[in-house]
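Remarks on the structure that follows.
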Amino acid sequence: MVSNPALVPGVSRFSRSKAYAKKALFKKTKAVAKKAAAVAATKTKTIGGAKNGKTRVVALTKGSRFYPADDIPVPKKNHKVAGTATLRASITPGTVLILLAGRFRGKRVVFLKQLDSGLLLVTGPHKLNGVPIRRVNQAYVIATSTKVDISSVKVDAKFSDDYFKVAKAAAKKATAEALLGEDAEKKVADPARVADQKSIDSKLLAVIKKTPALKGYLSSKFALSKGQYPHAIKF
């Protein structure tokens, strides 16, 4: 790249021809790509019969005899590759988030880490506000300025996207007795999940108790009162 600084706006130090000469492109050999051998599109076919001209040139690929009456739109090819979403600068490990969607909307949770899928791993803790270890999309949270020091809380590598996969049970025919009767199956929490939740909660609660009023802050639910506007609130 030849440096051609501007003396004044619109006027460069070297002219176009001088700048081109300084590049010395004429000394470089251009790599010429070899042309691929042309593929024949037709072939000569021998035709029998005295009055048929003996030979005939026919196409190798026979065209379709039918075509649509209307133009059929062809969708454009999408070359985009889905990747991990970039984490917002306001969200760091230990940040208190406000959930805006889902069954726990309005609850305050503590951010633990970002998973490979881009989702956020958060927890209530469950003992304070009933929010278990779960994944949320960062598009549906509000990051607050409140932070919890979770440097002493070790988040195991097992908390990944595979941790939240649910095995599909065999499909059973639904009956009134099975749904409403005494024999209706009740969902039981996985003991391993319960143990993991208690382990994380115990470590978080030990840190939360050190900060005054933080326990009550996480236990309370976020809501707007009359005359309050979210864009005017400093979270």
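It should be emphasised that the depicted structure is a prediction, and the values quoted were computed from it without experimental measurement. What you see below is based on every heavy atom in this structure, not just the backbone, and it leaves out hydrogens, waters and symmetry mates.
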Verdict with supporting geometry, Leu204 and Val153, side chain to side chain contact (heavy atoms under 4.5 Å, CB included): CA-CA 7 Å; Leu204 274 178; Val153 180; 4.2 Å; yes

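A single hydrophobic cluster is seen to contain both Ile233 and Leu100, as judged by linkage of ILVMFWY side chains at heavy-atom distances under 4.5 Å, directly or through other members. Cluster membership check: Leu214 does not share its hydrophobic cluster with Ile142, using side-chain heavy-atom separations under 4.5 Å among Ile, Leu, Val, Met, Phe, Trp and Tyr. No single ILVMFWY cluster, assembled from side-chain heavy atoms under 4.5 Å apart, contains both Leu87 and Ile150. No continuous path of ILVMFWY side-chain contacts below 4.5 Å connects Val122 to Ile208, so the two sit in separate hydrophobic clusters. A single hydrophobic cluster is seen to contain both Val136 and Val131, as judged by linkage of ILVMFWY side chains at heavy-atom distances under 4.5 Å, directly or through other members.
For the atom pair CG (Asn4) and NZ (Lys23), the distance works out to 9.0 Å, reported to the nearest 0.5 Å. The line from OG of Ser219 to CG of Leu128 is 4.5 Å long, rounded to the nearest 0.5 Å.
Using modelled atom types, one side-chain atom of Ser202 and one backbone atom of Lys198 make a donor-acceptor pair closer than 3.5 Å. Under the 3.5 Å distance criterion, the side-chain polar atoms of Asp156 are left unmatched by any main-chain donor or acceptor of Lys158. In terms of modelled atom types and a separation under 3.5 Å, the side chain of Ser15 and the main chain of Lys18 share a donor-acceptor contact. When atom types are taken as modelled, the side chain of Asp201 and the backbone of Pro125 share no donor-acceptor pair closer than 3.5 angstrom.
The side-chain hydrogen bond (donor to acceptor under 3.5 Å, both in side chains) check on Thr44 picks up nothing, with sequence neighbours excluded. Partners of Lys209 under the side-chain hydrogen bond (donor to acceptor under 3.5 Å, both in side chains) rule, at least two apart in sequence or in another chain, do not exist in this structure.
Closest of all the heavy-atom pairs between Arg88 and Gln138 is NH1-O, 2.6 Å. Looking at every heavy atom in both residues, Ile200 comes nearest to Ile133 through CG1-CD1, 3.8 Å. When every heavy atom of Pro132 is checked against every heavy atom of Phe104, the shortest pair comes out as CD-CZ, 3.6 Å. Across all their heavy atoms, Val207 and Ser152 have their closest contact at CG2-OG, 3.7 Å. The nearest pair of heavy atoms linking Val194 to Ala189 is CG2-CB, 3.9 Å.
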Name every donor-acceptor pair, under 3.5 Å, that has one atom in a side chain of residues 221-231 and the other anywhere in the protein, sequence neighbours excluded.
residue: Gln228; atom: OE1; partner: Ser225; partner atom: N; Å: 2.8

All N/O donor-acceptor pairs, side-chain side in residues 112-121, below 3.5 Å, sequence neighbours left out:
residue: Lys113; atom: NZ; partner: Phe159; partner atom: O; Å: 3.1
residue: Gln114; atom: NE2; partner: Ala85; partner atom: O; Å: 2.9
residue: Gln114; atom: NE2; partner: Gly118; partner atom: O; Å: 3.2
residue: Ser117; atom: OG; partner: Asp161; partner atom: OD1; Å: 2.8
residue: Ser117; atom: OG; partner: Asp161; partner atom: OD2; Å: 3.3

Would you list the atom pairs, donor with acceptor, under 3.5 Å between side chains in residues 54-70 and any protein atom, with sequence neighbours excluded?
residue: Ser64; atom: OG; partner: Phe66; partner atom: N; Å: 3.3
residue: Ser64; atom: OG; partner: Phe66; partner atom: O; Å: 2.9

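For the pairing with Val141, the side-chain contact (heavy atoms from CB on, under 4.5 Å) check across Val109, Ile91, Ile98 returns one residue only, Ile91.
Atom OH of Tyr140 has 12 or fewer neighbouring heavy atoms from other residues, nucleotides or ligands inside a 6.0 Å radius.
Within the 4.5 Å cutoff, side-chain heavy atoms of Phe111 are placed close to those of Pro93.
Of the charged side-chain nitrogens involved, none lies within less than 4.0 Å of a carboxylate oxygen, so that Asp196 and Arg193 do not count as a salt-bridged pair.
Screening residues 89-112 for side-chain hydrogen bond (donor to acceptor under 3.5 Å, both in side chains) gives Thr92-Thr95, Thr92-Lys147, Thr95-Lys147, Arg108-Tyr217, Arg108-Ser220 as the qualifying pairs, with residues at least two apart or on separate chains.
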